[in-house]
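We count ligands from 1, going down the list as the structure has it; atoms in each ligand are counted the same way.
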Amino acid sequence: MNHSEKNMIKPELEKFLTANLKSIRTRIARVLEKCHDPGRNVTLIAVSKKQPLEKVSILAKLGQVHFGENYVQEASSKMEMLGDLNIKWHFIGGLQTNKARYVIGKFALVHSVDSLKLAQALHKKALSMKTVQPILIQVNLAGEKQKSGALDKNVLDLALGIKDLKHLRLDGLMIMPPYFDDPERSRPFFAGLSRMKQEMEQRLGIGMPHLSMGMSGDFEVALEEGATMVRIGELLMGPRPGCGLHEPEQ
Ligand SMILES: *Cc1c(COP(=O)(O)O)cnc(C)c1O
C-alpha cells in the first residue's frame, strides 16, 4: 500500500477516494453475482477510525452513508463536526460498560455487544431515552483471549437475555477473526458465524437480518459466506496515520 495520499491536495484526495469506492463497490457486486445472489442487500461500512475528517466528508459527499468508528470520544467529535452530512454511524469497537450510555441514540447500529452486563447498560440508557437501539452480538469464535466478543458457548444465553430487553433490538452477529495473511483462512470463521446465525434464528424464533463480517483483506470471502455488512477501512480510505496495518483492538 502506498502512503502518498498523505500529502494529497483535495482534488487528488477526491480522485483517490472516488476510485477506491468504485472499485470496492464493483468487487462486492462481482462476488454477489458469482454467488447467484445479486439481490442480497450488502451495506458497505467505511471504517473511519483515526482517519481525518476531510476524508469522511469527501466520501459522504460521494454518497457513502455508513461509517464505522471504534472509539466513543473520537466518534462524538466527528459527529459534531459533520452534523450537516447524511451519515449513519456504526459503533464497531470494544465497548466498556461505563461508556455504554454515550452510544445510545448516536449510532445506527452497535456491532460489539458481547456481555449481558453491557447489554443491560445499553438497555438502561435506551429505556431512559425512550428509544430502541439496534445491536449485534460480537462473537469470538476463535476463543482468543483478550479479544472482544462473546465465546460461542455463551452466545445463545446472551441472545436470550437480550430478547427480554425491549429497548434493544438484536439484528444479527458480528465477527472479527484472527488476522491471517491468507483470507481463505478466515473462511471457516465466516462460515461458522453464518451457521450460528441460522441456528440461533431457529432456537430464538426470530429473524436476524445481519452478518457483519469481512474487512479490507477478506471481505470477498466473507461475502461468499453470507455477509450483509462489510467493514472496510484502509482499502477505502488509505493507511491509518501513525499505526501499522493490524494493530490490536483497544
Ligand atoms: C479497524 C477495523 C476494521 C477495518 O479494518 P481494515 O483492515 O482497515 O479494513 C473493521 N472492523 C473492525 C472491528 C475494526 O476495528
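A salt bridge links Asp37 with Arg40: at least one charged nitrogen is closer than 4.0 Å to a carboxylate oxygen. The residues Arg187 and Glu225 are annotated as salt-bridged, a charged nitrogen and a carboxylate oxygen being separated by less than 4.0 angstrom.
Counting atoms of ligand 1 from 1 in the listed order, those under 4.0 Å from a heavy atom of Ile92 are 11 (N), 12 (C), 13 (C), 14 (C). Which parts of ligand 1 touch Ile232 is read off a 4.0 Å heavy-atom cut-off, strictly below it: atoms 9 (O). Using a 4.0 Å cut-off to heavy atoms of Glu234, the atoms of ligand 1 that qualify are 6 (P), 8 (O), 9 (O). Residue-ligand proximity, Arg231 to ligand 1, at heavy-atom distances under 4.0 Å covers atoms 4 (C), 9 (O), 10 (C), 11 (N), 12 (C), 13 (C).
Atom-to-atom distance recorded for Ile45:CD1 and Met229:CE is 5.0 Å, nearest 0.5 angstrom.
Of the candidates Lys106, His90, Lys50, Lys78, Glu69 forms a side-chain hydrogen bond (donor to acceptor under 3.5 Å, both in side chains) with just one, namely Lys78.
In the model, Thr228 has a side-chain atom that pairs as donor or acceptor with a side-chain atom of His210 under 3.5 Å.
Ligand 1 has no N or O atom lying under 3.5 Å from any N or O atom of Met215, backbone or side chain.
The side chain of Asn70, and not its backbone, has at least one atom closer than 4.0 Å to an atom of ligand 1 (non-hydrogen atoms only; side chain from C-beta on). In Met176, the part holding a heavy atom less than 4.0 Å from any atom of ligand 1 is the side chain. Contacts with ligand 1 closer than 4.0 Å are made by no heavy atom of His111, backbone or side chain.
Residue nearest to atom 7 (O) of ligand 1, selected from Gly233, Ser216, Gly94: Ser216 (by heavy-atom distance). Within the set Lys49, Met174, His90, the minimum heavy-atom distance to atom 2 (C) of ligand 1 is found for Lys49.
Of the possible polar contacts, none joining the Ser48 side chain to the Gln51 backbone as a donor-acceptor pair under 3.5 Å is found.
In this pair, Phe107 and Phe91 present their aromatic rings perpendicular. The plane angle is above 60°, beyond the 30 to 60° band.
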